[in-house]
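Taking it in order: structure first as structure tokens, then the write-up.
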Amino acid sequence: MKRILLYLLVLPVHALWSQSVDLDREYFDVSYVQLPTNPIENDQDRTFSVRSNNARSLMYSFSKYYFEQSIQLPGFTKFMDKGFLDVHVELQDVIITNSTVKTSTSSRKKKDGTVVRTTHYQAVIDYKTQGRVTISSNDGSINEVIDFTRGRQLKSKSSTRYEDARNFRASNNKSSIRSSFINNVVKTVNRTLADNYGYPVKKHQDHFWILDSRKHPQTPAHKKAYAALEVAFSKMNSAENMSAIAAEIAPQMKYFEEVVSQYPKTDRKSRKFKYASFYNLSKIYYYLDNPEKSVEYANKLIVNDFDEGDGKRLIKAADALSERFKANKVQSSHMEVITEDETDYSEDVAETTETAQPAVAEEPVELPKSEDPNFTVAFVATIKGDTLKTYVHVNKIRSLRTKLDVYVKDMEGKDVARSFRADEVEKLILGNGEEYTAVNFVESDSSISLGKQSSSARFVKEIIATKKMGLYQYYNGELILKKANESEGKNTGSAGWMLGFRKRLSKMVSDCPSLVARVKDKEFSNNASSLIQLVKAYRDCE
């Protein structure tokens, strides 16, 4: 009995002891220049130009000089031609080699012994991209080829609804695959240029490990040190050296260096506390452009034996910074970067005096909607069960409310205008994959007028939809929550919801007590990202 009593007395003390060193990530701002791995040392040679020679069908929906305008190189001057670096883009059209819906079956045995078989559908699109981008220098020292010729595949999630697979195929048509390919080429080329030769300015946040234990004697000092560091690092400028900030944070660095001596023990709690100091000092020295000292404290972190992995990652980052310093023959990642653009890519290139001809007025030619870049393909699923391939003006989508104006092909292939009311449409799927549906709700402007307003069907963009609840967005940004078993959605932008958000949200999910408690605990806010989490939580509520 004495042993049991002793155990019960010791257990809470041990729990408090094990929790007495709680560390929280506390974030700070950084700004610096990412140095290139293959620098062009002569500043006069930091110029580049872009040429493109691509299949016309690939570029149909893009401007003539899309690549010339989109490819950038920070720290360089862009010329129309004859730059020191020449970027040559040569791409062929995308080829879709296969587009199908694969089926598979699964079975499970119920308690009564009967076997239930389920069919699953998955859309699979195989396609091929072709082409390359060559980066070369006019002195012959650089000749880099980025190859984009390869087979690729798109797969939908496996679903028990054939419509899901069909919609995936519809949204990933040839036009959308072309756009994705072209955008990927631009991102890849810009990333390669910046990493190898450029001087991009980086601005982001990193973190320290700061004590957050109420009973730990060092918590106030830790928080005070972090507050001073946060203020100092907020002044970091990529174009200015770090000497002023280094002087400003010297007291905090001294604190982290000296406080570890007060905890000479090697128990886990002491090692965890010292880990924070070593980690923070390594990070500080890294951003002070002192990778050698950063490695020194990262090694101390490893010897401390609390989180060896963090120490190795810090050493890897510091070593990489040292290598870039060495390659660029500098000792800092903070410097002025000048990027200039001397190009003028207009669609109408002026002809020379020798070849210029008098302008001749031409009759405007109306393109078929399937070829007009101002229109996008859209699939309209009506409440009658019909699915129509249509074309809708992209500007119409931005103001879509209660009426949808589209064009469809008649028997002769001509474009014929048609209109649908929101209450006639079950689903609208655009070529880029966005989905719209019709939901009954009251606009916020109406909801604050005198008298009770009735709801009506309006087109809303689907953000997330589960079997139990959906979140949608109206053209003006209003967010609509709708339970699957209710005929009307709730406009969270209305006066009632704005003034009584938690009360109304609690009522809406009242059949899930655990979620109601989270709502009352102010876990959710009246914005899209937070309401997405609520819809997911409601979906998973048993």
Side-chain angles (χ1 to χ4, degrees), residues 161 163-164 167 378-388 390 392 396-406 418-430 433-512 515-516 519 524-528 530-539 541:
R161 286 165 31 96
E163 292 80 2
D164 293 339
N167 293 340
F379 293 85
V380 178
T382 70
I383 59 173
K384 296 180 179 180
D386 300 323
T387 299
L388 303 175
T390 69
V392 59
K396 295 285 187 180
I397 298 297
R398 301 189 185 106
S399 57
L400 188 57
R401 301 177 69 181
T402 60
K403 181 184 177 184
L404 173 65
D405 295 318
V406 299
R418 283 196 62 176
S419 295
F420 295 91
R421 298 192 314 272
D423 58 8
E424 296 177 313
V425 176
E426 180 179 331
K427 185 82 71 174
L428 168 66
I429 304 173
L430 302 184
E434 292 181 354
E435 295 189 12
Y436 288 76
T437 189
V439 173
N440 288 294
F441 68 94
V442 180
E443 285 191 71
S444 60
D445 289 342
S446 301
S447 64
I448 61 176
S449 61
L450 295 176
K452 181 176 177 60
Q453 302 293 321
S454 60
S455 65
S456 59
R458 293 173 172 83
F459 286 104
V460 287
K461 181 180 177 180
E462 182 179 299
I463 298 177
I464 180 174
T466 71
K467 292 181 179 180
K468 298 173 68 174
M469 180 185 287
L471 176 64
Y472 309 90
Q473 187 173 43
Y474 196 33
Y475 84 100
N476 60 5
E478 293 173 2
L479 297 173
I480 314 299
L481 278 173
K482 180 182 176 298
K483 295 178 70 171
N485 61 352
E486 294 182 353
S487 60
E488 185 175 322
K490 309 301 181 185
N491 186 344
T492 70
S494 66
W497 273 79
M498 296 293 284
L499 297 174
F501 175 70
R502 283 187 292 278
K503 180 179 179 180
R504 291 177 180 258
L505 193 59
S506 297
K507 183 179 179 181
M508 194 171 187
V509 298
S510 59
D511 54 337
C512 181
L515 187 54
V516 171
V519 171
F524 301 100
S525 303
N526 195 353
N527 58 60
S530 185
L531 291 177
I532 288 172
Q533 299 308 312
L534 177 124
V535 172
K536 291 180 179 179
Y538 187 60
R539 173 198 63 192
C541 185

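What you see is a predicted model; the values in this text were computed from it and never measured.
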NZ (Lys467) and CG (Asn485) are apart, to the nearest 0.5 Å, by 14.5 Å
Would you compute the distance between atom CZ of Phe441 and atom OG of Ser487 and round it to the nearest 0.5 angstrom?
14.0 Å
Any donor-acceptor pair under 3.5 Å linking the side chain of Lys468 with the backbone of Cys541?
yes
Short N-O contact, Glu163 and Lys427, less than 4.0 angstrom:
no
Starting from the C-alpha separation in whole Å, work towards a yes-or-no answer on side chain to side chain contact (heavy atoms under 4.5 Å, CB included) for Thr390 and Leu404.
CA-CA 11 Å; Thr390 69; Leu404 173 65; 6.0 Å; no
Check whether any side-chain heavy atom of Ile463 lies under 4.5 Å from a side-chain heavy atom of Leu479, and answer yes or no.
yes
In terms of heavy-atom contacts, Thr492 and Asn526 come closest through O-ND2, 2.8 Å
Is there a side-chain contact between Asp511 and Lys483 (heavy atoms, below 4.5 Å)?
yes
Walk me through whether Phe420 and Leu428 qualify under side chain to side chain contact (heavy atoms under 4.5 Å, CB included).
CA-CA 11 Å; Phe420 295 91; Leu428 168 66; over 6 Å; no
Answer yes or no: is there a side-chain heavy-atom contact under 4.5 Å between Phe459 and Val425?
yes
Could you tell me whether the side chain of Glu424 reaches within less than 4.5 Å of the side chain of Thr382, counting heavy atoms only?
no
Value for CG (Leu531) from CD (Gln473), rounded to nearest 0.5 Å, stands at 11.0 Å
Using side-chain heavy atoms (C-beta onward) and a distance below 4.5 Å, is Val516 in contact with Val509?
yes
Arg401 side-chain N/O to Ser399 backbone N/O, donor-acceptor pair under 3.5 Å:
no
Just do the side chain to side chain contact (heavy atoms under 4.5 Å, CB included) check on Leu534 and Leu471 with the steps written out, would you?
CA-CA 10 Å; Leu534 177 124; Leu471 176 64; over 6 Å; no
Whether Ser419 side chain and Val406 backbone form a donor-acceptor pair below 3.5 Å:
no
So, for Glu462 and Tyr472, which heavy atoms are closest and what is the spacing to 0.1 Å?
CA-CD2, 3.7 Å
What closest approach, in Å, do Ala537 and Leu515 show between heavy atoms, and which atom pair accounts for it?
CB-CD1, 3.8 Å
Tell me, do Asn491 and Tyr474 make a side-chain contact under 4.5 Å, heavy atoms counted?
no
Quick one: does Arg418's side chain get under 4.5 Å of Leu388's, heavy atoms only?
yes
What is the minimum heavy-atom distance between Leu430 and Ala378, and which atoms define it?
CD2-CB, 3.8 Å
Within a strict 4.5 Å, meaning less than it, do heavy atoms of the Leu481 and Met508 side chains meet?
yes
Indicate the atoms forming the closest heavy-atom contact of Ser510 with Lys507, along with that distance.
OG-O, 3.1 Å
Closest approach of Leu505 to Phe524 (non-hydrogen atoms, all atoms of both residues)
CD2-CB, 4.4 Å
Determine, for Arg421 against Asp423, whether the closest basic-nitrogen to carboxylate-oxygen distance falls under 4.0 angstrom.
yes
